[in-house]
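These notes concern the structure reproduced below.
Counting from 1, the numbers follow the sequence of the chain as shown. Side chains are part of it too, since the values below use all heavy atoms of this structure and drop only hydrogens, waters and symmetry mates.
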Amino acid sequence: MQTKGYVVAILGATGAVGTRMIEQLAESTIPVRELRLLASPRSAGKALTFKGQHIAVTVATPDSFNGVDLVLASAGGAVSAKLLPEAVKRGAVCVDNTSHFRMDDNVPLVVPEVNPDALNDHHGIIADPNCSTIQMMMALEPVRRAFGLRRIIVSTYQAASGAGQSAIEELKTEAQAYLADEPMTANVLPVKGAAKHYPLAFNLLPQIDVFEDDGYTHEEWKMIHETKKIMLGDKNAPDIKVTATCVRVPVPIAHGESVWFEVAEGQTPTAAALRAEMAKFPGLVVQDDPAQQLYPQPQTAAGSRDTFVGRIRPDQETPGAYNLWVVADNLLKGAAWNAVQIAEALVARDLVRVPAGSAELFE
């Protein structure tokens with residue numbers, strides 16, 4: 001195992017997730033010998049701080065990864081598709097926060113508390129799941145382990161920051177215009193490249209990502225198939241039925257989700273039993289006391305690495321079915337912190353190396 005420290009590169013270092021990756025890396029257990037900050041030409045020359053050191057951002061090219069051990073990437077799927085295979089060729093192990101590699105059978109999709117053993121068979125690229133999927137996995141994995149799991153119906157309440165810093169800024173501008181009784185203009189949501197854009201301030205947008213031919217959005221598709229891949233190792237596994245409705249809400253940071261789920265046939269745990277299993281799960285905090293109006297909220301979850309769960313209660317019409325409410329900071333546990341956790345696990349398991357023949361898999 002390497003002891004002198006690792007050369008780490010952050011691809012997309014100036015973005016909403018990238019800046020948080022720098023912060024989380026500084027607080028991690030990873031010994032960093034050198035940090036390279038990579039971004040597009042428009043960000044080149046900008047200086048960012050890591051452990052009190054000012055580091056200049058440079059333009060990301062294939063040769064930027066020469067001598068790099070670990071890459072944390074959050075610069076968009078097209079950038080990851082182009083540059084991460086080049087990084088793997090140069091011997092770097094990559095943790096990718098985009099959706100590009102998530103459904104690739106050669107790429108583990110990992111929530112470290114849920115399926116860390118998937119890292120053992122990596123081929124140089126590990127995918128960070130969708131932010132909404134991550135927090136749902138955190139809430140449901142302790143249930144699955146104790147009581148089984150056969151069906152999930154989730155409705156999401158996703159923050160503007162899931163669409164990037166530009167969506168946060170647009171939400172603020174729209175809110176100011178609305179309160180000043182002025183027209184709101186929208187150029188980002190629901191999807192940057194869409195023919196139509198709608199304001200998010202004082203509104204709800206039941207579209208996240210593009211629509212598929214079956215009427216589901218790609219975000220909903222991701223939650224369905226990522227859940228199966230993480231929990232069952234197969235993106236099309238039939239053993240757990242999943243459906244989703246994903247909605248963008250006028251909240252800056254931290255997603256909420258209402259999750260209805262059925263445990264294994266014949267299992268009827270009490271709400272108290274579910275809470276007890278969740279309370280033991282690392283990184284999951286139970287906030288569930290209706291008498292004290294205690295339940296997870298985006299305003300209190302923002303800035304935390306933890307995932308918060310509450311409103312845990314049985315479905316009174318369906319034995320073995322339950323409801324819960326789960327909230328997490330989509331930029332931390334939903335992105336930057338989960339990626340750094342994966343990197344920590346790679347270091348701890350002595351897996352920061354590219355197996356022979358891996359580069360050919362991504363050509």
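Closest approach of His225 and Met103 over heavy atoms only: CB-SD, 3.9 Å. Between Asp128 and Asn97, the shortest heavy-atom distance links the atoms OD2-OD1, 2.9 Å. Closest non-hydrogen pair, Tyr216 versus Asp214, comes out as N-OD1, 3.0 Å. Closest non-hydrogen pair, Leu72 versus Ala343, comes out as CD2-CB, 4.1 Å. Listed here is the closest heavy atom pair of Cys246 and Met223: SG-SD, 3.8 Å. Nearest heavy atom pair, residue Val59 against residue Pro41, reads CG2-CA, 3.7 Å.
For Lys229 and Asp104, the salt-bridge test fails: no basic side-chain N is under 4.0 Å from an acidic carboxylate O. A salt bridge does not link Glu23 with Arg20: every distance from a Lys NZ or Arg NE/NH1/NH2 to an Asp or Glu carboxylate oxygen is 4.0 Å or more. In this structure, Arg305 pairs ionically with Glu27, as a charged nitrogen and a carboxylate oxygen lie closer than 4.0 Å. Remark: Asp288 does not engage Arg313 in a salt bridge, criterion side-chain N to carboxylate O under 4.0 Å. With respect to the salt-bridge test (charged N to carboxylate O, under 4.0 angstrom), the residues Arg102 and Glu226 qualify.
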> Between Gln341 and Glu113, is a side chain to side chain donor-acceptor pair (under 3.5 Å) present by the stated rule, with each step listed?
Replying inline: CA-CA 9 Å; Gln341 277 185 294; Glu113 296 90 343; 2.9 Å; yes

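Between Thr307 and Gln135, the side chains place no donor N or O within less than 3.5 Å of an acceptor N or O (distance only, hydrogens not considered). Counted by atom type alone, Thr98 and Asp96 present one or more donor-acceptor pairs between their side chains at under 3.5 Å.
Once rounded to the nearest 0.5 Å, the distance linking CG of Leu149 with CD of Glu262 reads 9.5 Å.
A 6.0 Å sphere centred on CD of Glu265 holds no more than 12 heavy atoms belonging to other residues, nucleotides or ligands.
Under the side chain to side chain contact (heavy atoms under 4.5 Å, CB included) test applied with Leu324, the options Leu140, Val286, Leu274 reduce to a single match, Leu140.
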